[in-house]
Visitor: 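There's a structure below that I have some questions on.
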Amino acid sequence: MSERIGPEQGLEILQDGRALFIDVRDPESHRQARIPGALPLSQAGLEAFLAATDRAHPLVVYCYHGHSSQSASDFLSEQGFQAVVSLDGGFEYWRRAYPDQVETGDDLPAG
Ligand SMILES: O=S(=O)([O-])[S-]
C-alpha cells in the first residue's frame, strides 16, 4: 500500500517543488481548477505517462476526496514508481484550505 500524506505535508512538497502532482480526477475538473502545475492523468493518457516518466521521480497523487487516489497510487507503485503518495482530503479539502494554491481555468502552469 502506498503512503498517504496530509494536506500540510502536500503543501510543503508543492512549495519545495520536489514532486510531480498527479490529478486523477476527470479532465474537465482538472481544466477548471487544480493544484498548480499538476499533471492530469486519465486512462487515455496512462500509457504515454508510463512510457515517459522516470520511476524515481516522486509523485503526489490526488483525486476529489482522497479515496481513488489511494488505488491510483498503489497502481503506480506496482508500475515501479519508487516514491508515490496519496494526498488525504483530495482537491476538495485542498481548495478550501489553500485557496491561493489553486490554479484555475486555462492558466498556464507556473514555470
Ligand atoms: O475522488 S474520490 O474517490 O475521493 S470521491
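Computed over heavy atoms, backbone and side chain alike; hydrogens, waters and symmetry mates excluded. We count ligands from 1, going down the list as the structure has it; atoms in each ligand are counted the same way.
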Visitor: Kindly print each ligand 1 N/O atom paired with any protein N/O atom under 3.5 angstrom away, one pair per line, or none if nothing qualifies.
Guide:
residue, atom, partner, partner atom, Å
ligand 1, 1 (O), Tyr64, N, 3.0
ligand 1, 1 (O), Ser68, OG, 3.3
ligand 1, 3 (O), Ser68, N, 2.9
ligand 1, 3 (O), Ser68, OG, 2.9
ligand 1, 4 (O), His65, N, 2.9
ligand 1, 4 (O), Gly66, N, 3.1
ligand 1, 4 (O), His67, N, 2.9
ligand 1, 4 (O), His67, ND1, 3.4

Visitor: Evaluate the side-chain contact (heavy atoms from CB on, under 4.5 Å) criterion for residues Arg18 and Ile13: first the C-alpha distance (whole Å), next the side-chain angles of each, then the deciding distance (0.1 Å), finally the verdict.
Guide: CA-CA 6 Å; Arg18 56 189 150 100; Ile13 294 172; 3.8 Å; yes

Visitor: By the ring pair (Phe, Tyr, Trp, His ring centres under 6.0 Å) test, which pairs, at least two apart or in different chains, include something from residues 8-44?
Guide: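 Not a single pair qualifies under ring pair (Phe, Tyr, Trp, His ring centres under 6.0 Å).
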
Visitor: What about Tyr64 and Val24, same hydrophobic cluster or not, with Ile/Leu/Val/Met/Phe/Trp/Tyr joined at side-chain heavy-atom distances under 4.5 Å?
Guide: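 Tyr64 and Val24: separate clusters.
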
Visitor: Going by side chain to side chain contact (heavy atoms under 4.5 Å, CB included), name the residues that satisfy it together with Ala48, two or more places apart in sequence or in a different chain.
Guide: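 So Ala48 forms no side chain to side chain contact (heavy atoms under 4.5 Å, CB included) with any residue.
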
Visitor: Of all residues at least two apart in sequence or in a different chain, which pass the side-chain hydrogen bond (donor to acceptor under 3.5 Å, both in side chains) check with Ser86?
Guide: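 Checked Ser86 against side-chain hydrogen bond (donor to acceptor under 3.5 Å, both in side chains); matches are Ser69.
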
Visitor: Would you say that more than 12 heavy atoms from the other residues, nucleotides or ligands in this model lie under 6.0 Å from the CD of Gln43, or not?
Guide: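 Not buried by this count: 12 neighbours or fewer within 6.0 Å.
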
